[in-house]
Amino acid sequence: MTALHKLLQERFGADKVQEFTAGDQTFPLLLINLKAEKEVTLIMTNGLSDYQMPVPKKYEGHEFNELYFCLPSYWNLEDPTDINANWVFTWIDKMANFVVTNKTWFGTGHTIPNGKELLPLSERMKQNHFLLSYPIFLSNELDAMQLNEKTIHFLAIIPIFQDEMEFKEAKGTFKIIEEFINAGISEKLDDFRESTLKSKWNLLRKIPKFRKK
């Protein structure tokens, strides 16, 4: 059992946190059962915070992070062949290995595309990018934790639509997260959600820009 595992058990209860293996995953994971409290289950990296991310100076203090998906209670964790559900394991494994192998860093506002083709994540989940964010729905439960000399932060992986990605690029991280909060959207996955953006934004982004002569 890792030190992180023990620390999370102290926070949530020994029966709530367990090691978890799914499919061809190579990075250790934890499953955190918060169904009674929040009607969600978390899939979290177990040891990404062993790696000290080379963050820019303005992000000093955020070198140690764990990634997580926040899954609704109806999410199918029993069938590893369910392509509408198992992409979460593929992606959290891919992200964790990428950041360590490439000796890079992740932080709030970073985005990851779903491959070069930007295909929907599944038949039900039409988003084609991910946004990394500080906890929104679980802001109290996943505030930073102290582990010896390290402060561990938690980064939520939030699937986003193409227009939300473009809005974030144009307006910034704070604005897109503000849109999410105003619309009641958070890191809690929802197969049935639509884009948070108003039709006005989608109209404006389609209007061609003309240069002044």
Side-chain angles (χ1 to χ4, degrees), residues 2 4-5 8-9 12-13 15-48 65-100 106 110-139 141-142 154-165 168 176-177 180 183-196:
T2 65
L4 175 69
H5 189 166
L8 288 167
Q9 283 189 333
F12 297 115
D15 61 329
K16 300 289 187 181
V17 185
Q18 58 183 305
E19 295 177 354
F20 187 77
T21 302
D24 298 326
Q25 125 214 0
T26 59
F27 205 94
L29 298 177
L30 292 174
L31 184 148
I32 304 175
N33 186 340
L34 299 181
K35 289 183 179 179
E37 299 84 358
K38 305 286 286 191
E39 297 186 351
V40 296
T41 300
L42 309 185
I43 297 297
M44 180 182 292
T45 52
N46 181 16
L48 182 58
N65 297 282
E66 298 289 345
L67 302 174
Y68 73 95
F69 277 112
C70 180
L71 310 179
S73 56
Y74 63 79
W75 202 267
N76 181 10
L77 292 172
E78 302 298 326
D79 182 4
T81 66
D82 184 351
I83 60 174
N84 283 310
N86 63 14
W87 58 264
V88 296
F89 308 118
T90 300
W91 269 106
I92 198 169
D93 190 69
K94 185 181 296 187
M95 290 182 196
N97 281 300
F98 174 85
V99 74
V100 175
F106 281 151
H110 282 186
T111 53
I112 299 97
N114 183 28
K116 294 181 180 179
E117 296 82 9
L118 299 180
L119 298 174
L121 292 169
S122 73
E123 291 181 2
R124 296 197 303 256
M125 189 75 72
K126 302 302 183 182
Q127 295 91 317
N128 62 5
H129 281 79
F130 298 102
L131 172 71
L132 298 183
S133 169
Y134 55 79
I136 301 171
F137 181 67
L138 298 173
S139 58
E141 290 80 2
L142 291 179
F154 300 94
L155 289 173
I157 308 171
I158 305 177
I160 61 174
F161 292 96
Q162 182 66 35
D163 61 345
E164 293 172 337
M165 172 64 185
K168 182 264 177 186
I176 188 60
I177 292 180
F180 288 157
I185 301 301
S186 68
E187 71 268 31
K188 182 178 178 181
L189 268 58
D190 181 353
D191 281 331
F192 311 104
R193 91 166 180 91
E194 299 179 352
S195 172
T196 56

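Just so you know, these numbers use all the heavy atoms, side chains as well, and skip hydrogens, waters and symmetry mates.
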Visitor: A side-chain contact here means heavy atoms from C-beta on lying under 4.5 Å apart; do L48 and F106 qualify?
Guide: no
Visitor: Which value, rounded to the nearest 0.5 Å, describes the distance between T111 atom OG1 and K168 atom NZ?
Guide: 4.5 Å
Visitor: Using side-chain heavy atoms (C-beta onward) and a distance below 4.5 Å, is F20 in contact with N46?
Guide: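 Of all side-chain heavy-atom pairs linking N46 with F20, none is under 4.5 Å.
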Visitor: Among pairs that include at least one residue of residues 111-128, which meet salt bridge (Lys or Arg N to Asp or Glu O under 4.0 Å), considering only residues two or more places apart or in two chains?
Guide: R124-D191
Visitor: Check salt bridge (Lys or Arg N to Asp or Glu O under 4.0 Å) between E141 and all other residues, then give those that pass, not counting sequence neighbours.
Guide: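 If we apply the salt bridge (Lys or Arg N to Asp or Glu O under 4.0 Å) test to E141, skipping adjacent residues, the hits are K38.
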Visitor: Quick one, L8 and M44 - any side-chain contact, counting heavy atoms below 4.5 Å?
Guide: yes
Visitor: Hey, can you tell me if W87 and F69 have their rings parallel, tilted or perpendicular (30° and 60° cut-offs)?
Guide: perpendicular
Visitor: Main chain of L138, side chain of E187: is a donor-acceptor contact present, judged purely on distance under 3.5 Å?
Guide: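 Yes, E187 side chain to L138 backbone: donor-acceptor pair under 3.5 Å.
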Visitor: Is the shortest side-chain heavy-atom distance between V99 and N65 below 4.5 Å?
Guide: no
Visitor: Give me the atom names and distance for the closest heavy-atom approach of A85 to N76.
Guide: CB-O, 3.5 Å
Visitor: Between E164 and T196 (side chain of the first, backbone of the second, donor and acceptor by atom type, cut-off under 3.5 Å), is there such a pair?
Guide: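 Yes, E164 side chain to T196 backbone: donor-acceptor pair under 3.5 Å.
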Visitor: Report yes or no: does N97 contribute a side-chain atom to a donor-acceptor pair with the main-chain N or O of D93 at less than 3.5 Å?
Guide: yes
Visitor: Would you check if W75 and V88 make a side-chain contact, meaning some heavy-atom pair closer than 4.5 Å?
Guide: yes
Visitor: I need the minimum non-hydrogen distance between L4 and G47, along with the two atoms involved.
Guide: CD2-N, 4.0 Å
Visitor: For E37, what residues pass the salt bridge (Lys or Arg N to Asp or Glu O under 4.0 Å) criterion, not counting sequence neighbours?
Guide: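 E37: salt bridge (Lys or Arg N to Asp or Glu O under 4.0 Å) contacts with K16.
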Visitor: Do you know the tightest heavy-atom contact between L67 and L132?
Guide: CD2-CD2, 4.4 Å
Visitor: Is there side-chain contact between N128 and P113, with at least one heavy-atom pair below 4.5 Å?
Guide: no
Visitor: Please give me the minimum heavy-atom distance between T45 and A96, naming the atom from each residue.
Guide: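 Closest approach of T45 to A96: CG2-CB, 3.9 Å.
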Visitor: Do I92 and F27 come close enough that some side-chain heavy atom pair is under 4.5 Å?
Guide: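 No; the side chains remain at least 4.5 Å from each other.
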Visitor: To the nearest 0.5 Å, tell me how far N33 CG sits from T41 OG1.
Guide: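 So the CG of N33 and the OG1 of T41 are separated by 5.0 Å.
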Visitor: With rounding to the nearest 0.5 angstrom, report the CG to CD distance, D163 to Q127.
Guide: 10.0 Å
Visitor: Mind checking whether E66 and L155 have side chains closer than 4.5 Å, heavy atoms only?
Guide: no
Visitor: Looking at NZ of K188 and CG of L42, how far apart are the two atoms once the value is rounded to the nearest 0.5 Å?
Guide: 11.5 Å
Visitor: Of all heavy-atom pairs between F12 and L34, which one has the smallest distance, and what is that distance?
Guide: CD2-CD2, 3.7 Å
Visitor: Which value, rounded to the nearest 0.5 Å, describes the distance between L30 atom CG and E19 atom CD?
Guide: 7.0 Å
Visitor: What closest approach, in Å, do L142 and P135 show between heavy atoms, and which atom pair accounts for it?
Guide: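 Scanning both residues completely, I find the closest heavy atoms to be O-CG, 3.7 Å.
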Visitor: Ring-plane angle category for F154 and Y68, please: parallel below 30°, perpendicular beyond 60°, tilted otherwise.
Guide: perpendicular
Visitor: Find the distance between CD1 (I112) and CD1 (I160) and round it off to the nearest 0.5 Å.
Guide: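 Rounded to the nearest 0.5 Å, the CD1-CD1 separation comes out at 9.0 Å.
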